Amino acid sequence: MTKKKVFVISHSHWDREWYMPFEQHHMRLVTLIDNLLDVFKNDSDFDSFHLDGQMIALDDYLAVRPERKPELAAAIKAGKLRIGPFYILQDDFLISPESNVRNMIIGRDQAREYGQEVPLGYFPDTFGNMGQTPQMMALANLKTAAFGRGVTPTGFNNQVGDADYASQYSEMWWQGPDGTRILGLLFANWYSNGNEIPVERTAAKKFWDQKLADAEKFASTDNLLMMNGVDHQPVQLDVTAAIKVANELYPDYEFIHSNFTDYLATLSADLPKDLSTIHGELTSQETDGWYTLANTASSRVYLKQENTKNERLLENQAEPLAAMAYPAADYPHDRLRYAWKLLLQNHPHDSICGCSVDEVHREMLIRFAKSQEVARFVAHDALTTLTAKINTTDFNEQAKPFVVVNTTGFTKTGLTRIVVEWDRIAFSATGTIQEQRHQLEQRLAELPELMVVDAHGQSVPFRLIDQQVAFHYDLPKDRFRDPFQAIELTIELNVVNMPAFAWRTLALQPATQTLVANATVKAQPRLISNEWLKIVVEDDGSLTITNRETNKTYHQMLVFEDTGDMGNEYIYRQTADKRAYYSTDFPMKVRVVHADELGSELELINYLEIPVSADEQLAKETRAIVDITQRTAQRSTQKVPLTITTKIRLNPNSRQVQFESHVNNQAKDHRLRVLFKTALTAETHVADSIYETVTRANRPAKNWQNPTNPQHQQAFASVFNEANGVTVGNLGLNEYEILPADNTIALTMLRCVGEMGDWGYFATPEAQCQGTFTFNYSLELTDGSEAQRIASYQRAQGMQTPFSNQQTWQHTGTLEADDQYLTLATPEFAVTSLKRANNSAGLTVRGYNLSDRQVPLKVTTSLSKQAVNFFEEELPEVTTDTLMPMEIKTLLLTEAGRA
């Protein structure tokens, strides 16, 4: 009789930082790897240790023990320490598509420096799994993914029935929205089902009777997986002795200390034909809804905002500008990778999810700041290099030229603000600093009337926002610093329909003609409009917005809602009083800020009064570790002001209205959202996810018990039917909910709680998010057609990346004043990356299909094109001129004959 095989894999799920600060976890990691290196030398039966699928553990260890690198490398080469394929164990949904890819690229590259990475997409504890995982794994040469959440195991004797996210086995096929299918492994009994195996025979018998039964309930083959470890688990030093005892106790089983490579090879050869197929994203859709952990999308929202800002700086400004400015030999790969690694260090699930102790998240802000400064350095250097190549000789001698660049993959319209240096005096010039300043102030007082012109001499409307004399300095690359004082003029202008990866050159100069404001633009106290939209501020402070193309009017838009929260960093739980406070029940004030050729802007101030915190019962319940579903706390009777100041901006050339809300939060234990009531008849909606415009149900499954149904998003969520649609965009606000009664899109702005949650009581006073916050978001109305919806998705994504601009001077150059680096003519192609190739002199452009249908892919360039995977390996069977439904595509662009 063939014995069943029990594969025991030693591991430790290493949360880099969580309920202790990073360095506390770090020191324990050093001890773990020290012990492992000793075990490898002293126990010949110890097969190997799985280092949690993340290469950063080696970086962290070697930061303390650099002298042991040769020993560590030898252990990896010998197969004793199993590493990779990722750099960190990320949260899928809260980081960008490109961040997910760079995690794989950096992880594999570092693993290859030592040997071979483990061929497994490893997601043991992610809070849900992205729907495009199958396609992404395939593009990273991975055929299998292991995960702990999102699928309900039913046992092989049970029928799956109508459940879409259930499997009778712990093994299943996982199919992405594009049709790619990989093998999925569910840790049905968690990734600790073989932890701390007893050596003593009686205890071992009791242990294995239960563990074998649990595994066999779900296993599709006679190959059983036992994960010998759990969170921060020290290596079990006597695990091989425990396995010997198990082999003696169970003659019908063969217990093996093993590794994922061997386990997957054996499992794949024995898979039955009746495996279930699960589809798309796995977010525990068919559970009771309480422990999906989706509310981590709104914990410490300041982290999400910084992360989005950081990603846009790296992906959509620094990298494209560097690609446009430098030849391959000068491209700053090293600097950019350094910035990426700093950013990725903030992307583990307990970090970016905001569900750790305060010390962890303080350190994250430092990493964000460091990564952003590197990105700014690269972007500024590249922009300076690029603008120096542009011919600006057509402007007159008194003009101050500047260049505006659209670094996104979409045609972009919007305001841009630039500081133009009008005049300067260097510290080294004649006179004291005070005398020099006086000269500049005199010149500023005598400033002539100004105008902005384009490269063809045509006047361009602008606003003069500020003028001042300021101190600055230059840091030349070939000599000492050069301090100076300068007249600075801050101007704002409207850029209309600038193509993807294009630039325009303009100049600020003395006016050569009398400028007449557009007399048709009139300010109305509560109304702004353009060709497509009419926006009225009602007496209660809500907006009534009319789509002038379809004559569809929406009421009760931009309503702010505040509710009590007695939950934790993981889960929102409304206080027992169920009381909600709405901005429409409080006074408001509105005024016109701008109404000119650049657009209209209203300032709306809502004066709410909300409870200062929860009542004393919450403190008692949190300290007593009462589960959130059993808490009874209410909100305090004491009130504090919550004043929300919102700028409402409407561009004359865009269908999108943009909002910027400012809040000084002095309350605790509450959640603030902004509501957009669509009142559209629709059963589903779409949201921007990881390389996917994902369709989700507006109502949860029947067994859902949580009163709320929070969801993750990247740049937008959209409700629509065949006649009308509403798309709400955001900048770093990753949580939304569709309120099914009237299909309101509820966008979470702040969620303020005082404890971490999970397995004990960990106070997190800084998670109360007190202080000032700014929130940027947008709204666009569509006629329900796919073309308008796709365009609204583009504009929502494009809103997250500002125009880049740089002042220059009159000079000759090889580039035209207005030009485009790369021509894209596929509206459905959402570009996520334009950069120099990692492994060649070429360029890579990567993006995905915003739609669920096949479209032509039109990327016009003089370079040759080939389709490649994430590692820039050719995919000869994949075309370069077609974009399949939901396809992720990377094009490698090279000069003919070069690779």
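For clarity, every value in this text was computed on a predicted model and none was experimentally measured.
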Is [X] salt-bridged to [Y], cutoff N-O under 4.0 Å?
X: Glu603; Y: Arg526; result: no
X: Glu286; Y: Lys702; result: no
X: Lys309; Y: Glu306; result: yes
X: Arg300; Y: Asp358; result: yes
X: Asp669; Y: Arg751; result: no
X: Glu735; Y: Lys304; result: no
X: Glu363; Y: Arg367; result: yes
X: Lys639; Y: Glu609; result: no
X: Arg631; Y: Glu621; result: no

Are [Y] and [X] an aromatic pair, judged by ring center distance below 6.0 Å?
X: Phe676; Y: Phe659; answer: yes
X: His13; Y: Phe187; answer: no
X: Tyr572; Y: His670; answer: no
X: Tyr607; Y: Phe586; answer: no

Nearest 0.5 Å, what's the [atom1]-[atom2] distance between [X] and [Y]?
X: Thr133; Y: Leu282; atom1: OG1; atom2: CG; value: 7.5 Å
X: Leu604; Y: Leu558; atom1: CG; atom2: CG; value: 6.5 Å
X: Ser600; Y: Asn530; atom1: OG; atom2: CG; value: 8.0 Å
X: Glu780; Y: Ser718; atom1: CD; atom2: OG; value: 9.0 Å
X: Ser99; Y: Asn307; atom1: OG; atom2: CG; value: 6.5 Å
X: Tyr570; Y: Glu755; atom1: OH; atom2: CD; value: 10.5 Å

Problem set entry | Derivation and outcome, side-chain contact (heavy atoms from CB on, under 4.5 Å), residues Tyr777 and Thr646 | CA-CA 11 Å; Tyr777 46 104; Thr646 302; 4.1 Å; yes
If we check side-chain hydrogen bond (donor to acceptor under 3.5 Å, both in side chains) with [X], which of these qualifies: [options]?
X: Arg649; options: His594, Gln658, Glu601; value: Glu601
X: His349; options: Asp92, Thr296, Asp15; value: Asp15
X: Gln788; options: Thr550, Thr727, Asp783, Asn724; value: Asp783
X: Asn743; options: Asn698, Asn721, Thr678, Thr681; value: Asn698

State whether [Y] and [X] meet the cation-pi test: NZ (Lys) or CZ (Arg) under 6.0 Å from the six-membered ring centroid, and within 45° of the perpendicular axis.
X: Arg789; Y: Phe720; result: yes
X: Arg149; Y: Phe147; result: no
X: Lys552; Y: Tyr554; result: yes

Quick one: does any side-chain atom of [X] pair with a main-chain N or O of [Y] as donor and acceptor, under 3.5 Å?
X: Thr308; Y: Gln305; value: no
X: Trp704; Y: Thr708; value: yes
X: Asn568; Y: Gly757; value: no
X: Thr744; Y: Ala746; value: no
X: Thr801; Y: Gly798; value: no
X: Glu569; Y: Ser356; value: yes
X: Trp290; Y: Thr292; value: no
X: Thr553; Y: Thr546; value: no
X: Ser192; Y: Val230; value: no

Problem set entry | Exceeds 12 heavy-atom contacts within 6.0 angstrom, atom NZ of Lys589 | no
For this session: Look at atom NZ of Lys647 and say whether more than 12 heavy atoms of other residues, nucleotides or ligands are closer to it than 6.0 Å.
Result: yes
With heavy-atom distances below 4.5 Å as the criterion, would you say the side chains of [X] and [Y] are in contact?
X: Ile610; Y: Leu672; value: no
X: Glu660; Y: Ile648; value: no
X: Ser284; Y: Tyr291; value: no
X: Val537; Y: Met588; value: yes
X: Ile95; Y: Asn100; value: yes

Heavy-atom closest pair, residues [X] and [Y]:
X: Pro611; Y: Ser636; answer: CB-O, 3.3 Å
X: His347; Y: Ile352; answer: O-CG2, 3.6 Å
X: Cys752; Y: Asn665; answer: SG-ND2, 3.6 Å
X: Gly150; Y: Gln285; answer: O-OE1, 4.4 Å
X: Met756; Y: Val357; answer: SD-N, 4.2 Å
X: Arg312; Y: Ser96; answer: NH2-CB, 3.9 Å

Exercise. Run the side chain to side chain donor-acceptor pair (under 3.5 Å) check on Gln713 and Asp688 step by step: do they pass?
Worked result: CA-CA 5 Å; Gln713 65 178 340; Asp688 186 28; over 6 Å; no
Exercise. Just checking, is any N or O donor in the side chain of Gln711 or Asn709 under 3.5 Å from an acceptor N or O on the other one?
Worked result: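 Yes, because at least one side-chain N or O of Gln711 sits under 3.5 Å from a partner of the opposite role on Asn709.
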For this session: For the pair Phe775 and His662, evaluate ring-ring contact (aromatic ring centres under 6.0 Å, His included) and give the outcome as yes or no after the intermediate values.
Result: CA-CA 7 Å; Phe775 307 103; His662 301 270; 8.9 Å; no
For this session: Among Asp562, Asp615, Asp577, Asp565, find the residue that satisfies the salt bridge (Lys or Arg N to Asp or Glu O under 4.0 Å) test when tested with Arg635.
Result: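 Among Asp562, Asp615, Asp577, Asp565, the one that satisfies the salt bridge (Lys or Arg N to Asp or Glu O under 4.0 Å) with Arg635 is Asp562.
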For this session: List for me each residue that meets side-chain contact (heavy atoms from CB on, under 4.5 Å) alongside Ser371, sequence neighbours excluded, and say none if there are none.
Result: Asn310, Leu314, Ala339, Leu342, Leu343
Exercise. Where do Gln705 and Asn703 land on the side chain to side chain donor-acceptor pair (under 3.5 Å) test, with the steps shown first?
Worked result: CA-CA 6 Å; Gln705 298 176 21; Asn703 52 332; over 6 Å; no
